[in-house]
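Numbering of ligands and ligand atoms starts at 1, following listing order. Note: hydrogens, waters and symmetry copies are ignored here, and every other heavy atom, side chains too, is used.
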Amino acid sequence: MRVAVTGTPGTGKTTATSLLDVPVLHLNDLIREAGLWTERDADRDSLVADLEAVREAVGDWSGVAESHLAHHLDADRVVVLRCRPDVLEDRLRDRGASEAKATENAESEALDVILSEAVDRHGPADVYEIDTTERTPAEVAADIEAVIAGDREPSAGDVDFLDYL
Ligand code: ADP
């Protein structure tokens with residue numbers, strides 16, 4: 001079973017998956033440590049990942065992989081963590097992100113960018129949207145465990161943050 005946990009930066013992927021009782025592949029660490037990127041995006045203070053190299057590096061993976069890029073991997077189930085854009089912006093600012101980065105990610109979240117990419121690649125039947133806005137990391141981890149166990153129905157598009165644009 002391959003479960004990809006994705007979502008806009010700040011939705012809580014790292015925090016929630018660190019509470020799971022299974023090993024987690026943190027893709028962003030792999031990308032940085034193995035140099036699986038093509039260029040540095042100075043405006044965003046981030047690396048542009050080489051997705052083909054990432055797919056090759058993870059190979060025949062299993063378990064849980066987390067990253068805002070995890071939905072670009074082949075996977076059996078894709079969890080998309082969501083967060084209300086104004087709350088997301090606060091989380092990112094509190095984490096020390098620049099104003100520009102916090103705003104850009106909040107807009108991207110309002111526009112369902114990652115959810116749309118996940119549905120385009122995997123189809124709605126394999127996508128599980130989890131709204132983390134009013135849930136603790138432990139509750140989110142329990143929701144992810146329910147996906148892994150097959151105890152949760154797929155869902156995509158139930159969350160609507162367009163009013164926050
Ligand atoms: P991601 O890995 O998706 O970028 P993080 O796990 O790093 O997100 O979380 C971003 C910030 O939001 C951190 O400061 C974290 O403490 C906080 N956070 C994560 N999950 C929650 C949650 N469920 N409720 C409130 N704050 C959270």
Within-cut-off N or O pair, Ala16 and ligand 1, under 3.5 Å
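It does not: no N or O of Ala16 is found under 3.5 Å from an N or O of ligand 1.
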
Return a yes/no value for Thr14: is any of its N or O atoms, backbone included, closer than 3.5 angstrom to an N or O of ligand 1?
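Between Thr14 and ligand 1 (N or O atoms, distance only) the closest approach is under 3.5 Å.
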
[X] side, atom [atom1]; [Y] side, atom [atom2] - distance, nearest 0.5 Å:
X     : Y      : atom1 : atom2 : answer
Thr11 : Glu109 : OG1   : CD    : 6.5 Å
Asp94 : Glu89  : CG    : CD    : 11.0 Å
Leu47 : Thr38  : CG    : OG1   : 9.0 Å
Thr6  : Glu66  : OG1   : CD    : 9.0 Å

Should the pair Lys101-Glu104 be classified as a salt bridge under the 4.0 Å nitrogen-to-oxygen rule?
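No, this pair does not count.
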
Check Arg121 with Asp74, please: is the shortest side-chain N to carboxylate O separation under 4.0 Å?
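Salt bridge present between Asp74 and Arg121.
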
Classify the contact between [X] and ligand 1 as side chain, backbone, both or neither, using a heavy-atom distance cut-off of under 4.0 Å.
X      : result
Leu81  : neither
Arg95  : side chain
Arg135 : backbone

Report, in ascending order of atom number, the atoms of ligand 1 lying under 4.0 Å from any heavy atom of [X].
X     : answer
Gly12 : 1 (P), 3 (O), 5 (P), 6 (O), 8 (O), 9 (O), 19 (C), 20 (N)
Thr15 : 5 (P), 6 (O), 9 (O), 15 (C), 19 (C)
Thr11 : 3 (O)
Pro9  : 4 (O)

Do Val147 and Asp143 make a side-chain contact, defined as non-hydrogen atoms from C-beta onward lying under 4.5 Å apart?
no

Protein heavy-atom partner closest to atom 26 (N) of ligand 1 - residue, atom, separation in Å
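Nearest protein contact, heavy atoms only, for atom 26 (N) of ligand 1 is Arg91 NE, 3.5 Å.
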
Which protein heavy atom lies closest to atom 3 (O) of ligand 1, and at what distance to 0.1 Å?
Lys13 NZ, 2.7 Å

The residue among Thr8, Leu88, Leu115, Ile130 that forms side chain to side chain contact (heavy atoms under 4.5 Å, CB included) with Arg82 is Leu115

Does Pro137 have a non-hydrogen atom less than 4.0 Å from ligand 1?
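Yes; Pro137 lies near enough to ligand 1 that a heavy-atom distance drops under 4.0 Å.
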
